[in-house]
Amino acid sequence: MSAISKADAAGRIMVAMDYANAESAEGLLKQLEGIPCYVKVGMQLFYAAGPGFVASLKDRGYKVFLDVKMHDIPNTVKGGAESVTRLGVDVFNVHAAGGKQMMEAALEGVDKALKPGAGRPMVIGVTQLTSTSLQVLNDEIGLTGSVEQAVIHYARLAQAAGLQGVVASPLEVTQIKAACGDGFVTVTPGIRPAGADVGDQSRIMTPAEAFAQGTDFVVIGRPITGAADPRAAIESIIDGVIKS
Ligand code: C5P
C-alpha cells in the first residue's frame with residue numbers, strides 16, 4: 001500500500017483478542033503498547049471479562065471493536081445497541097440475517113444512547129459466516145444459491161438498513177464494493193501473513209493482498225496472539241503492508 005504511515009497501517013488492523021479472561025488480554029495489550037491498532041473483543045472475552053473491561057479499554061484510549069454479533073427481535077437489539085453505545089465502543093456488529101428492521105433498530109439504539117459530542121460507533125453487518133459451506137447454506141440453513149450470492153444479498157440489505165459496512169471474507173471484497181460502493185466499509189477476517197499457520201481458516205489472504213482487494217480493515221488473531229513475540233509479529237505485518 002503506497003505512501004501510508006506505520007500508524008495508518010496499524011489503524012487498519014483489528015487484533016482479535018480471543019482470550020478466556022481479562023488477564024490474558026492485558027498481557028497482550030502490554031506487549032502491543034503504543035501501537036495504534038484496534039482491539040477486537042469477541043464473545044469469549046466479553047462474556048468472561050464483561051462490560052467493565054470494555055469500559056476500561058476505552059478509558060485507556062483503545063479503539064474497540066465489540067464483536068458480539070447481535071441477532072434478536074428488533075426491540076432487544078435496540079436495547080443491546082444502546083448498552084454498547086454507552087460503553088463507548090467504536091465498532092459493533094449485528095447479523096444481517098436478523099432483517100432490515102432489526103438492523104434499523106440497532107441504529108435507533110445508537111441514536112438513543114449517544115451522548116452529545118461522543119463519537120458515533122460504526123455499526124456493521126455480519127453477512128454469511130465464513131465457516132458456512134455451500135452444503136450448510138443450502139441444506140441446513142435452507143437458502144438457495146451460492147455463498148457469494150448470500151453475502152452480496154446481506155451486504156445490500158445491511159446498506160439499505162443504513163449500516164456502514166459488513167464483515168466478510170477478503171475474497172468477497174471486490175463484489176461487495178461493486179454492489180454497495182467503495183465507501184461501504186469491509187472488515188475482513190481470514191487473514192494470514194505469508195508463512196503463518198492457517199489454523200481453521202480456509203479461504204485466506206495475506207494482509208497486503210486483502211488491502212489490495214480494497215478492504216478497509218483486516219481482523220488478525222492467532223498470527224499475532226499466538227506468536228512467540230506478538231509485538232514483532234504485528235510490526236512485521238505493518239511493514240509488509242507499507243512495503244506492498
Ligand atoms: O485467529 P484468527 O486470525 O483466525 O481470528 C479471526 C477472528 O475473526 C476471530 O476472532 C473470529 O471470531 C473472527 N471472525 C472470523 N470469521 C468471520 C467472522 C469473524 O474469523 N466470518
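All of these numbers come straight from a predicted model, not from anything done at the bench. For ligands, and for the atoms within them, numbers begin at 1 and follow the listed sequence.
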Does Ile191 reach ligand 1 with a nitrogen or oxygen that is under 3.5 Å from one of the ligand's nitrogen or oxygen atoms? no
Which of the atoms of ligand 1 are close to Val219, meaning less than 4.0 Å from one of its heavy atoms? 7 (C), 8 (O)
Any Tyr19 side-chain heavy atom under 4.5 Å of Leu28 side chain: yes
Give the residue, atom name and distance (to 0.1 Å) of the protein heavy atom nearest atom 2 (P) of ligand 1. Arg192 NH2, 3.5 Å
For Asp18, the ligand 1 atoms with a heavy-atom partner under 4.0 Å come out as 9 (C), 10 (O)
Taking Gln159 for its side chain and Cys180 for its backbone only, find out whether a donor-acceptor pair lies under 3.5 Å. yes
To check your reading of the model: name the closest protein heavy atom to atom 12 (O) of ligand 1, its residue, and the distance in Å. Lys40 NZ, 4.0 Å
Does Lys63 use its side chain to pair, donor to acceptor, with the backbone of Pro36 at less than 3.5 Å? yes
Return yes or no for this condition: an N or O of Arg222 is under 3.5 Å from an N or O of ligand 1. yes
To the nearest 0.1 Å, how far is atom 20 (O) of ligand 1 from its closest protein heavy atom, and which atom is that? Gln201 NE2, 2.8 Å
Charged N to carboxylate O under 4.0 angstrom, Arg192 versus Glu209? no
Can you check whether Cys37 reaches Ile234 side chain to side chain, under 4.5 Å on heavy atoms? yes
To check you understand the geometry: which heavy-atom pair defines the closest contact between Val241 and Ala208, and what is its length? CG2-N, 4.4 Å
Which label fits Tyr38 and Phe217: parallel for a plane angle under 30°, tilted from 30 to 60°, or perpendicular past 60°? perpendicular
Residue Ala16 vicinity, atoms of ligand 1 by number, heavy atom under 4.0 Å: 7 (C), 10 (O)
Could you check whether any side-chain N or O of Asn93 sits under 3.5 Å from a backbone N or O of Lys69, counting only pairs where one atom can act as donor and the other as acceptor? yes
Closest protein heavy atom to atom 21 (N) of ligand 1, given as residue, atom name and distance to 0.1 Å: Thr130 OG1, 2.9 Å
Residue and atom name of the nearest protein heavy atom (relative to atom 18 (C) of ligand 1), distance in Å to one decimal: Pro189 CG, 3.8 Å
Ligand-residue contact atoms, ligand 1 with Lys69, heavy atoms, under 4.0 Å: 19 (C)
